[in-house]
Visitor: 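Below is the structure I would like to discuss, written out as structure tokens.
This is a predicted model, so every value here is computed, not measured. For ligands, and for the atoms within them, numbers begin at 1 and follow the listed sequence. The analysis underlying the following values was restricted to heavy atoms, covering all of them including side chains, and did not include hydrogens, waters or symmetry mates.
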Amino acid sequence: MSHSLELTSTDILLVVDVQNDFCDGGTLAVPNGDQVVPVINGLIDCFHHSIATQDWHPADHQSFASSHENQEPFSTTELSYGSQILWPDHCIQGETGSGFHKDLDQDSLELIIRKGFRKEIDSYSAFFENDKSTKTGLAGYLQNRGIKRIFLCGLATDFCVYYSAIDAIKQGFETFVIADACRAIDMDDSLARAMTHMREVGVEIISSDEL
Ligand code: VGL
Ligand code: ZN
């Protein structure tokens, strides 16, 4: 199916977490994460507006297994706001790992929204922190600029892209995920669950060649 989606000035590209730690050699490398970079650079050229998110954690962040006694990375624990997967240390503020991939075309990014910067709380979504109530302000920013449709790409499909897409729909935006411009962590079937849930709530899964 190839319906061409005409892009207008009320569309925005949201580039999620294309950072060194999620790419080859990073501490939380997403398989083939680097492959999204040329695809996303092409998309940035097509869109009137592009913004990005940046995972941005203090060194003692509660989402790190190393911040808890006797916890291995990729295990799950209960924090004050509910269950939280514990990750290897990644995307530490100001370090190389939290920098954007060197080939990502950052010049046209109009806004960079940092998330997970508070020690006590993680943030997968670009709209809400993991307590599901603390706002990042992104919805207001997009509404204020008259944005109607959000197109998501980046890392990882089954975590930050997924949570951002679900919240984008909830905030009333028409929401698209550009599948070939994303890569997944895929632990315990998380990719299949994320895709099913996104489709259920009306997120459209498209390919970059439809744009
Ligand atoms: C992410 C796990 C932890 C992501 C961020 O960008 O998908 N995943 N922090
Ligand atoms: Zn993180």
Side-chain angles (χ1 to χ4, degrees), residues 13-37 39-40 51-68 71-77 79 81-101 104 109 112-132 134 136 138 150 152-168 175 177-179 181-195 197-198 203:
L13 181 70
L14 174 55
V15 180
V16 177
D17 297 359
V18 181
Q19 295 170 256
N20 292 320
D21 271 340
F22 298 123
C23 293
D24 286 352
T27 58
L28 183 45
V30 178
N32 302 313
D34 302 54
Q35 292 175 0
V36 302
V37 174
V39 184
I40 291 175
I51 60 172
T53 59
Q54 186 173 30
D55 214 36
W56 190 253
H57 301 310
D60 57 353
H61 195 251
Q62 291 301 293
S63 78
F64 296 168
S66 64
S67 301
H68 304 265
Q71 293 279 10
E72 293 297 322
F74 306 106
S75 63
T76 299
T77 193
L79 296 181
Y81 50 83
S83 120
Q84 169 74 48
I85 299 174
L86 296 175
W87 302 104
D89 293 13
H90 64 278
C91 297
I92 294 174
Q93 296 168 358
E95 294 192 358
T96 311
S98 61
F100 290 112
H101 187 287
L104 179 70
L109 300 176
I112 294 167
I113 187 146
R114 287 176 167 165
K115 54 187 185 56
F117 51 79
R118 265 187 283 269
K119 172 187 164 170
E120 319 75 44
I121 184 164
D122 204 6
S123 186
Y124 295 148
S125 166
F127 295 92
F128 290 95
E129 301 191 33
N130 283 12
D131 61 1
K132 296 183 167 37
T134 307
T136 64
L138 181 59
I150 303 180
L152 292 104
C153 59
L155 308 170
T157 325
D158 44 346
F159 287 91
C160 290
V161 173
Y162 161 60
Y163 281 88
S164 299
I166 296 290
D167 284 344
T175 306
V177 167
I178 309 169
C182 301
R183 291 293 184 278
I185 295 174
D186 201 12
M187 52 186 281
D188 307 326
D189 232 21
S190 54
L191 178 59
R193 277 185 283 119
M195 295 303 274
H197 188 202
M198 287 194 288
V203 175

Visitor: Which atoms from ligand 1 have a heavy atom of F22 less than 4.0 Å away?
Guide: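 Close to F22: 1 (C), 4 (C), 5 (C), 6 (O), 9 (N).
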Visitor: Is it the case that the ring center of F117 lies less than 6.0 angstrom away from the ring center of H61?
Guide: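 When the ring centroids of H61 and F117 are compared, they turn out to be at least 6.0 Å apart.
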Visitor: Which atom, counting only N, O or S, brings D55 closest to the Zn ion (ligand 2)?
Guide: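 Minimum-distance N/O/S atom of D55 relative to the Zn ion (ligand 2) is OD2.
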Visitor: What class does the angle between the rings of F64 and H57 fall in, given that below 30° is parallel, 30 to 60° is tilted and above 60° is perpendicular?
Guide: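 Perpendicular, since the angle between the ring planes exceeds 60°.
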Visitor: Between C160 and ligand 1, does any nitrogen or oxygen pair lie at a separation below 3.5 Å?
Guide: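 The answer is yes, given that C160 and ligand 1 share an N or O pair closer than 3.5 Å.
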Visitor: Working to the nearest 0.5 Å, report the span between CG of D60 and CD1 of I92.
Guide: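 Rounded to the nearest 0.5 Å, the CG-CD1 separation comes out at 9.5 Å.
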Visitor: Taking 2.8 Å as the cut-off, does an N/O/S atom of H57 lie below it from the Zn ion (ligand 2)?
Guide: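 Checking the Zn ion (ligand 2) against H57, an N, O or S atom does fall under 2.8 Å.
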Visitor: Identify the two heavy atoms, one from A126 and one from L14, that lie closest to each other, and give their separation to 0.1 Å.
Guide: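 The answer is CB-CD2, 4.2 Å.
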Visitor: To the nearest 0.5 Å, how far apart are CH2 in W87 and CZ in F74?
Guide: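 That separation rounds to 6.5 Å.
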Visitor: Any idea which atoms of ligand 1 are less than 4.0 Å away from a heavy-atom of D17?
Guide: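 Result: 4 (C), 6 (O).
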Visitor: With only distance considered, is I185 within less than 3.5 Å of ligand 1 through an N or O on each side?
Guide: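 No: no nitrogen or oxygen of I185 is under 3.5 Å from one in ligand 1.
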Visitor: Specify whether an N/O/S atom of H90 falls short of 2.8 Å from the Zn ion (ligand 2).
Guide: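 A backbone or side-chain N, O or S atom of H90 is under 2.8 Å from the Zn ion (ligand 2).
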Visitor: Is there at least one pair of N or O atoms, one from D55 and one from ligand 1, spaced under 3.5 Å apart?
Guide: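 Among all N and O atoms of D55, at least one is under 3.5 Å from an N or O of ligand 1.
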Visitor: Quick check: does W87 get an N/O under 3.5 Å from an N/O on ligand 1?
Guide: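 No - when backbone and side-chain N and O of W87 are compared with those of ligand 1, no distance drops under 3.5 Å.
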Visitor: Is Q19 close enough to touch ligand 1? Criterion: a residue heavy atom under 4.0 Å from a ligand atom.
Guide: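 So Q19 does not count as touching ligand 1.
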Visitor: Checking contacts here: is it the side chain or the backbone of L155 that comes within 4.0 Å of ligand 1, counting heavy atoms only? Could be both or neither.
Guide: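 Backbone only.
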Visitor: What's the verdict on side chain to side chain contact (heavy atoms under 4.5 Å, CB included) for T134 and Y81, showing C-alpha distance, side-chain angles and the deciding distance?
Guide: CA-CA 11 Å; T134 307; Y81 50 83; over 6 Å; no
Visitor: Under 3.5 Å between some N or O of ligand 1 and some N or O of H90?
Guide: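 It does: an N or O of H90 is found under 3.5 Å from an N or O of ligand 1.
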Visitor: Does the side chain of Q84 come under 3.5 Å of the side chain of N130 through a donor N or O and an acceptor N or O?
Guide: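 Result is yes, a qualifying pair exists.
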Visitor: For the pair D17 and K115, find out whether any cationic side-chain nitrogen is under 4.0 Å from an anionic carboxylate oxygen.
Guide: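 Counted as a salt bridge, because a side-chain N and a carboxylate O are separated by less than 4.0 Å.
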Visitor: Minimum distance, heavy atoms only, to atom 8 (N) of ligand 1: which one of F159, F64, Y162, Y163 is it?
Guide: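 Selected option, by shortest heavy-atom distance: F159.
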Visitor: Which of the numbered atoms in ligand 1 are below 4.0 angstrom from a heavy atom of A156?
Guide: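 Matching atoms, with element in brackets: 4 (C), 6 (O), 7 (O).
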Visitor: Taking H90 as the fixed residue, which of N20, D21, D55 is the one that meets the side chain to side chain donor-acceptor pair (under 3.5 Å) rule?
Guide: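 Result: among N20, D21, D55, D55 is the only option passing the side chain to side chain donor-acceptor pair (under 3.5 Å) with H90.
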